[in-house]
Structure formats: structure tokens, C-alpha cells
Visitor: 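This structure is in C-alpha cells; I'll ask about it shortly.
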Amino acid sequence: MKYWLMKSEPNVFGIDDLKKVKKEPWDGVRNYQARNFMRDEMKKGDMVLFYHSNCDVPGIVGTAEVSKESFPDFTSWDKKSKYYDPKSSEENPRWFMVEVKYKKKFKKTVSLQDMKEMKPLKDMKILQKGNRLSITPVSKKEFDYIVKVSEK
DNA sequence: GCCAACGTTGGC
DNA sequence: GCCAACGTTGGC
């Protein structure tokens with residue numbers, strides 16, 4: 001089983017939205033590296049740290065689980081979608097996504113600021129300078145540590 | 001709203 | 001295939 005961190009903007013789609021709808025296709029990713037993770041490496045049952053970006057307190061707010069493996073991102077050939085990409089089509093899709101399922105909302109957000117001070121997390125991609133990737137792998141150790149911290 | 005750090009695009 | 005210009009991300 002693998003572990004991941006997925007970023008989302010709470011004013012677009014946050015942990016509360018996921019809680020409400022239970023399951024959600026992770027559409028709109030238009031970055032090849034992130035796409036490759038979803039297409040090739042994310043498997044059903046993998047665990048996800050749900051990260052809020054572009055908000056008052058950026059940080060990890062809960063967990064989710066991969067509930068459906070790689071399938072084409074249909075918003076990419078929907079002309080009405082803001083994620084429309086003319087180079088992608090139903091016959092030859094360029095973008096892929098997974099579906100994630102709500103697991104848990106943390107009682108307390110593990111903020112980016114706090115994470116920066118936690119030694120066991122020092123190698124996390126999200127904490128490296130200049131990293132903008134919306135999906136990054138995390139280790140089991142990091143995952144467990146963050147869950148533990150959120151329960152304190 | 002600023003801006004650093006990236007990723008992508010397209011002319012050559 | 002290089003690289004300048006442009007667009008986006010996301011913390012602050």
C-alpha cells in the first residue's frame with residue numbers, strides 16, 4: 001500500500017465537500033507528473049493526506065482513500081469545463097484521475113507551519129522549497145506521524 | 001496582491 | 001533542441 005498527499009483549495013473543493021459527497025473523482029489535474037502518479041501508481045486502498053492550500057491556515061486537514069484506480073478525466077474533453085484541453089479526447093485521453101473516498105477529518109489541522117518544525121517530516125516533498133506538485137508520495141512513517149499529531 | 005519558483009509554449 | 005516569454009501555483 002502506498003501513501004499520498006493531495007492538495008486542494010478549500011474554496012474550490014475542501015475536506016468538508018468530500019465528507020458531504022463521500023466520493024469524488026479527482027478531476028482537473030493538468031500536470032504530467034501528477035497525472036503519472038494517478039495513472040500508474042495510485043492503487044485502490046492507498047491512503048491519502050488531504051491538504052488545504054491557498055487558504056488562511058494551509059495544512060493537512062484529514063485523510064481519504066483511493067476508491068477507484070486510474071480512469072480518463074472526462075472534463076478534459078468537455079468544452080464547457082474549465083479544465084477543457086483541446087488536445088485530449090474521449091478516443092485518446094491525455095489526462096487521468098482517480099476517485100477518492102472520504103475517511104476522516106482531523107479534529108485539529110496539522111498546519112504547514114507546524115509541519116515545518118517537525119523533524120520526522122523534514123524530507124516531505126511539500127516542505128521542500130519550490131515544490132508545487134499537487135500530488136506527492138509520502139512515506140508510511142510520515143503518514144502515521146501526521147495522523148498521530150492530529151490526534152493530540 | 002506580491003512574487004519566487006516552476007512548467008509549458010512556441011519561434012527559431 | 002534551445003530558451004525567452006508567458007502562465008500558474010501557493011505561501012506570505
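So you know, we letter chains A, B, ... as the sequences are listed, proteins then strands, and number each from 1. Because only heavy atoms are used, hydrogens play no part in the values below, and waters and symmetry mates are left out as well, while side chains stay in. Fair warning: this is a prediction, and the values are worked out from it, not measured in the lab.
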Visitor: With a cutoff of under 4.5 Å between side-chain heavy atoms, which Ile, Leu, Val, Met, Phe, Trp and Tyr residues group with Tyr84(A)?
Guide: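 Traced through the cluster, Tyr84(A) reaches no other member.
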Visitor: Just verifying a value: how many Å separate Lys105(A) NZ and Thr63(A) OG1, rounded to the nearest 0.5 Å?
Guide: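 Rounded to the nearest 0.5 Å, the NZ-OG1 separation comes out at 12.5 Å.
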Visitor: Excluding sequence neighbours, so at least two apart, what forms ring pair (Phe, Tyr, Trp, His ring centres under 6.0 Å) with Tyr32(A)?
Guide: Trp95(A)
Visitor: Under 4.0 Å from a heavy atom of chain A: give me the 5'-most and 3'-most nucleotides of DNA chain B that qualify.
Guide: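 Taking any atom under 4.0 Å from a heavy atom of chain A, the span is dA5(B) to dT9(B).
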Visitor: Testing the basics here: between Lys44(A) and Ser67(A), what is the closest heavy-atom pair and its distance to 0.1 Å?
Guide: CE-O, 3.5 Å
Visitor: Scan residues 120-139 of chain A against DNA chain B and write down, sorted by residue number, each residue with any heavy atom closer than 4.0 Å; if none is found, say none.
Guide: Lys129(A), Gly130(A), Arg132(A)
Visitor: In this structure, which one of Arg39(A), Arg35(A), Arg30(A) forms a salt bridge (charged side-chain N to carboxylate O under 4.0 Å, His left out) with Asp73(A)?
Guide: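 Per the salt bridge (charged side-chain N to carboxylate O under 4.0 Å, His left out) rule, the option paired with Asp73(A) is Arg30(A), out of Arg39(A), Arg35(A), Arg30(A).
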Visitor: Any Lys/Arg nitrogen of Lys148(A) or Asp144(A) sitting under 4.0 Å from an Asp/Glu carboxylate oxygen of the other?
Guide: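 Between Asp144(A) and Lys148(A) there is no salt bridge, as every charged N stays at least 4.0 Å from the carboxylate O atoms.
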Visitor: Toward the 5' end of DNA chain B, which comes first, Asn54(A) or Gln33(A), by nearest nucleotide?
Guide: Asn54(A)
Visitor: Apart from Val149(A) itself, which Ile, Leu, Val, Met, Phe, Trp or Tyr residues share its cluster (side-chain heavy atoms under 4.5 Å, direct or through members)?
Guide: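 Members alongside Val149(A): Met1(A), Tyr3(A), Leu5(A), Met47(A), Leu49(A), Tyr51(A), Ile60(A), Phe106(A), Val110(A), Leu112(A), Met115(A), Met118(A), Leu121(A), Met124(A), Ile126(A), Leu127(A), Val138(A), Phe143(A), Tyr145(A), Ile146(A), Val147(A).
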Visitor: Are more than 12 heavy atoms from other residues, nucleotides or ligands located less than 6.0 Å from atom CD of Gln113(A)?
Guide: no
Visitor: Heavy-atom count around Asp56(A) CG within 6.0 Å, excluding the residue itself: above 12?
Guide: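 No.
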Visitor: Could Glu142(A) and Lys125(A) be called an ion pair, given the rule that one side-chain N must be under 4.0 Å from one carboxylate O?
Guide: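 Between Lys125(A) and Glu142(A) there is no salt bridge, as every charged N stays at least 4.0 Å from the carboxylate O atoms.
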Visitor: For DNA chain C, produce a single dot-bracket line, 5' to 3'. Pairs: Watson-Crick or G-U wobble, both distances under 3.5 Å. Symbols: ( ) within strand, [ ] crossing, | other strand, . unpaired.
Guide: ||||||||||||
